[in-house]
Amino acid sequence: MNDAQGGADPRGGADVVVDARGLRCPLPVIRLASAARDLPAGTLVTVLSTDPAARHDVPAWARMRGHAMADGPATGADTTDGGDGGGHEGEEAVWSLTVRIGG
Amino acid sequence: MTDTTDPTGPRSPAPRPGSTAGARVHLDNGGAAPLHPLARQALLQALDDGWADPHRLHSEGRRAARLLDGAREAVAGTLGARTEEVHFTAGHTAGLRAAVLGAARARRRAGGDVVVGATERAAVLHAADAAARAQDGARVVVDVDRHGRVDAGAFATALARPGVAVAALQHANGEVGTRQPLTAVHEAARDAGVPLVVDAGASLGHDDVPDAWDLLAANPADWGGPAGVGVLAVRQRVRAVPPEPEDADPWAPGGVSVPAAFAAAVALQAVAADRAAEDARRRRLTDRVRATVAAVPDVAVVGDPDDRLPHVVTFSCLYVDGEALVSELDRAGFAVGSGSACTASTLEPSHVLAAMGVLTHGNVRIALDRSTGEDDVERFLAALPGAVQRVRDVLGVAGL
């Protein structure tokens with residue numbers, strides 16, 4: 001769990017932050033799952049990712065595992081436009097997604 | 001159109017991909033199915049008989065023109081359209097683009113908005129963008145549910161707003177198989193006076209396409225015809241501006257390959273002839289795939305379980321690298337598709353899976369060909385759990 005740092009609260013009240021920047025799918029979800037493994041219900045875990053797939057796969061994982069997405073805007077230049085690439089060429093967007101453990 | 005009921009039987013004697021035990025099993029047939037044996041025969045015949053320019057007035061040209069007219073008539077017959085309404089294009093993408101842009105342009109005075117479903121093919125989404133930009137409108141995307149289906153009421157509301165030039169909705173999605181509520185949406189479009197473009201690229205030749213369209217594009221390579229040709233049907237009552245109105249072939253500037261068009265039509269007639277039997281057979285096989293893969297730990301089957309195409313099935317495996325799984329299955333002799341980002345040239349996963357809100361990684365996409373046998377499917381199902389496990393082991397995800 002090297003990438004999970006407790007406490008410091010760098011991101012909007014999260015108890016645990018998983019830094020998965022630079023990792024590609026499915027690694028951000030795997031890192032998040034490792035970090036979430038032994039956490040008590042109610043813990044807020046935030047994952048930071050530069051992989052666009054994470055913004056779809058983190059909510060899907062949470063649903064499959066009985067966790068909930070915490071409210072709050074995802075940071076990063078998210079394009080909610082479903083289709084054809086939002087075009088962040090040149091700069092790498094970072095998405096921040098927060099999960100509440102155990103629903 | 002020549003007689004396509006081949007007395008020697010529907011299958012050529014040559015072995016087909018995936019037909020014998022030990023051979024490779026090709027399960028990635030969406031949009032690129034093996035050439036139907038009768039299409040191969042027709043293609044060879046038309047290469048001899050239909051090589052000339054169909055616009056020339058000599059015997060050779062007229063012979064090519066007759067083949068092309070026969071092909072249009074045959075496709076029209078299958079679609080329930082008039083021969084004059086059917087055009088061949090350079091391919092499915094070109095046909096979709098011409099349909100969306102052409103219908104929008106004819107309605108410039110009505111507005112510039114283009115309404116599309118969220119799981120439309122990229123060609124439709126891009127054409128919708130282009131049409132909207134050209135007419136100072138916007139692309140309006142109607143969301144889909146977890147199965148990938150638009151709500152007919154929401155789509156109807158979106159297309160009835162002022163300023164809508166054209167709407168586009170697929171008959172069924174080629175990635176996940178889900179059918180759209182086409183009949184209800186077409187009724188609403190007719191009431192609103194908005195032309196509806198229907199992408200039947202994943203369904204024509206496999207499924208019964210309802211008479212609920214104003215412009216329809218379909219893909220011969222998907223039903224066992226040759227690649228490099230598309231079908232575009234435009235109802236005569238619909239106003240649409242073709243890409244090159246001055247060309248001798250306004251919907252396919254420069255014309256199309258007559259042999260390819262002829263073979264596409266022969267293939268369509270052939271697959272229409274036993275569609276019901278093939279529907280039942282392949283639906284049974286995809287039901288079997290759905291039930292079996294759902295029992296593999298942390299594998300989610302996506303798409304509507306019932307209201308769907310007969311031959312398409314898609315599932316996503318948690319904690320699995322899609323590219324690694326495709327390669328692992330390929331090594332084991334199985335060709336499958338995937339909508340995972342890691343298998344795409346971009347980092348973006350399939351916009352279809354994303355719009356549905358389902359897992360995009362570890363995705364496997366299967367489209368059964370008519371030549372896919374039960375033994376092929378059983379061998380795949382026997383190999384899959386081990387392949388998933390090996391990929392997961394590499395990532396060390398046990399117990400997550």
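Remember, it's a predicted structure, so these values are computed and weren't measured experimentally. Note on naming: letters A, B, ... go to the chains in the order of the sequence lines (proteins, then strands), and numbering restarts at 1 for each one.
- Not counting sequence neighbours, the partners of B:D304 by the salt bridge (Lys or Arg N to Asp or Glu O under 4.0 Å) test are B:R149.
- Contact annotation for B:D298: both backbone and side-chain heavy atoms come within less than 4.5 Å of a heavy atom of chain A.
- For B:R390, the salt bridge (Lys or Arg N to Asp or Glu O under 4.0 Å) test picks out B:E328, with sequence neighbours left out.
- At a heavy-atom separation below 4.5 angstrom, chain A is approached by B:L395, B:V397, B:A398, B:G399, B:L400 within residues 392-400 of chain B.
- The shortest heavy-atom contact between A:A53 and B:A341 is CB-CB, 4.3 Å.
- Put simply, the side chain of B:D321 never gets that close to the backbone of A:C25: no donor and acceptor are under 3.5 Å apart.
- Of all non-hydrogen atoms in B:Y319 and A:P26, the two that sit nearest each other are C-CG, 4.1 Å.
- For B:S316, the side chain to side chain contact (heavy atoms under 4.5 Å, CB included) partners two or more places apart in sequence, or in a different chain, are B:L359, B:N363.
- The shortest distance between side-chain heavy atoms of A:H56 and B:V358 does not fall below 4.5 Å.
- For A:D57, the parts lying under 4.5 angstrom from a heavy atom of chain B are both the backbone and the side chain.
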